[in-house]
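The structure appears below as structure tokens.
In what follows, every heavy atom counts, from backbone to side chain, and hydrogens, waters and symmetry copies are set aside. In what follows, chains are A, B, ... by sequence order, proteins preceding strands, each numbered from 1.
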There are 2 protein chains.
Amino acid sequence: MTNIALDAETIESPSLRREDGAGQTSLHGELLAALRDYIVEGNLADGARVPERLLCNRFGISRTPLREALKVLAAEGLIELLPNRGARVRALSADDLRELFDVMGGLEALAGRLACERISDEDIAEIEQIHHEMYRFYLRRDMHGYFQCNQDIHRMIVAAAGNATLSATYNSIAGRIRRVRYSANLDKERDRWGEAMREHEAILDALRRRAGSELSDIMFLHLRNKRKAAQHQSAAQTGDESSST
Amino acid sequence: MTNIALDAETIESPSLRREDGAGQTSLHGELLAALRDYIVEGNLADGARVPERLLCNRFGISRTPLREALKVLAAEGLIELLPNRGARVRALSADDLRELFDVMGGLEALAGRLACERISDEDIAEIEQIHHEMYRFYLRRDMHGYFQCNQDIHRMIVAAAGNATLSATYNSIAGRIRRVRYSANLDKERDRWGEAMREHEAILDALRRRAGSELSDIMFLHLRNKRKAAQHQSAAQTGDESSST
DNA sequence: CGGCGATGTTTTGCATTCATTTTTGTCTTT
DNA sequence: AAAGACAAAAATGAATGCAAAACATCGCCG
């Protein structure tokens, strides 16, 4: 009776692990997360239509729960629904990226401000530790490690804000941005790298002093600079590669 | 063949106007908006279960599109889905309100900052006009008119930020907050009223000077004070009414 | 008399079905 | 040969059907 028998052995059920141990994971929630990852990880090209039938087989479910998940993803802004023409992966225009980065900057600015109000010395110490680790990666020119630490720090600041609504909103925006590939050649932006390190120093300094308003500014500008770097690189990719001004 | 004939004349189709004129309104979108309004406007009590069958009749649709809309509203945070136990209207705890107000403050702070970067003199003049109108309402102690202008100003600043993603996020958060009833006896908070007016003066001043960072601070603190007022009042309502300290 | 378990009803979640719409492929016409 | 028209095929959007879970009612036993 299952729809699994449709195309014989088409089914790999790539995700959808039904771990019922701790959290009640209500197929819908699982599927939603799986499908979101599937799209965020770039398994579908920009603007491509979302193949319902295929995904149904892929995840071993019928169209109803899949379509429910699609509506949610559309509300999140990850895909768009064209009436009678199905769902498309939403391609991010340069303007969309500008918007997303700025909103992300606003949310991080808020996170910094709130974090100053309630962060403990221990949490600051923990962030400092990651920061030093990140610095070592920076000295070693280890992009991957640096990037990891960088993300951890930002995540920790958002967490330190103690605001679940903020975290959820932040994650949603971050997920949408994550779709774009900052093809790892950030090496070209060596200057930016050093600048980013200095900004992180300033972030830590403001955090230590619990200077909320100040940290808020720094966080926003930090993201603004990140945005500029991303835009610059994006332009360099789509345009000619040689003209580095 | 319509399912309208279910319970004879039960159908009033309270919303769901199918205006096909300009925008393609894809039943799903219509239903989503209608259902959101239905809940935001308080037609269902806090924590009440969302009656699928009833709403299907109410809107003249089957369970499938309704359930799709419910998933989206759950993702938005307006309702919560309990596995195998349907949807409940999400009751906002004091902590939820704190979070929502702070996020709203962060978003308005961002809106102010961005608005300073790109707002035109004409738009500022327009805001000033509303501001003066609001001031007249304030002098006349006309709560309703004041409140209307107030909201208009905040909306205009968000719009002036020129960031659709920000607007969407802002509207989502604002919608969730709107569920709580600031039962119109804000009169009790006369002091706060004057304070709010002064804050709005400062907002306009910063906006005129395009002092983004400064405006950002003011906006956040403005919302923070609003939050305090709301919390204070909420406490007064749930607790004893007489102790106005 | 109160707590507990069985049984029938309702509700939920998902699969399936059905009516439209869109898309594709072919054929005709100029 | 290109453009348009038509028809077949597929996909979409919504309704309905069905198994399982929750809920309620009632009888049973302590």
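Looking at the side chain of Glu52(A), the nearest of the listed nucleotides dT12(D), dT12(C), dA14(D) is dT12(D). Nearest to the side-chain atoms of Pro65(A) among the listed nucleotides dG13(C), dT16(D), dA15(C) stands dA15(C).
Residue Leu66(B) is classed as having no contact, given no heavy-atom separation below 4.0 Å to the nucleic acid.
Scored by the side-chain contact (heavy atoms from CB on, under 4.5 Å) test, Glu52(B) finds Arg63(B), Leu66(B), Arg67(B), Leu70(B) as partners (sequence neighbours excluded). Applying the side-chain contact (heavy atoms from CB on, under 4.5 Å) test to Ala111(A) and every residue at least two apart in sequence or in another chain returns Ile157(A), Val158(A), Ala161(A), Leu166(A). Under the side-chain contact (heavy atoms from CB on, under 4.5 Å) criterion, Ala75(A) pairs with Val72(B), not counting sequence neighbours.
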Expected rows: protein N/O vs nucleotides 22-24 of chain C N/O, under 3.5 Å:
residue : atom : partner  : partner atom : Å
dT23(C) : OP1  : Arg85(A) : NE           : 3.3
dT23(C) : OP1  : Arg85(A) : NH2          : 3.3
dT23(C) : OP2  : Arg85(A) : NH2          : 3.4

N/O contacts under 3.5 Å, protein versus nucleotides 18-20 of chain D?
none

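Sequence neighbours left out, the pairs with a member in residues 32-41 of chain A that pass side-chain hydrogen bond (donor to acceptor under 3.5 Å, both in side chains) are Arg36(A)-Glu76(A). Residue pairs satisfying the side-chain hydrogen bond (donor to acceptor under 3.5 Å, both in side chains) criterion with at least one member in residues 89-104 of chain B, sequence neighbours excluded, are listed as follows: Thr165(A)-Glu99(B), Ser93(B)-Asp96(B), Asp95(B)-Arg98(B), Asp102(B)-Arg224(B), Asp102(B)-Arg227(B). Counting only residues at least two apart or in different chains, side-chain hydrogen bond (donor to acceptor under 3.5 Å, both in side chains) contacts with residues 167-176 of chain B comprise Glu108(B)-Tyr170(B).
Expressed to the nearest 0.5 Å, how far CD1 of Ile127(A) lies from CZ of Arg155(A) amounts to 12.5 Å.
Side-chain to base pairing of Thr64(A) with dA15(C): one donor and one acceptor N or O lie within less than 3.5 Å of each other.
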Show me the side-chain donor-acceptor pairs of residues 78-87 of chain B shorter than 3.5 Å, one per line, residues at least two apart or across chains.
none

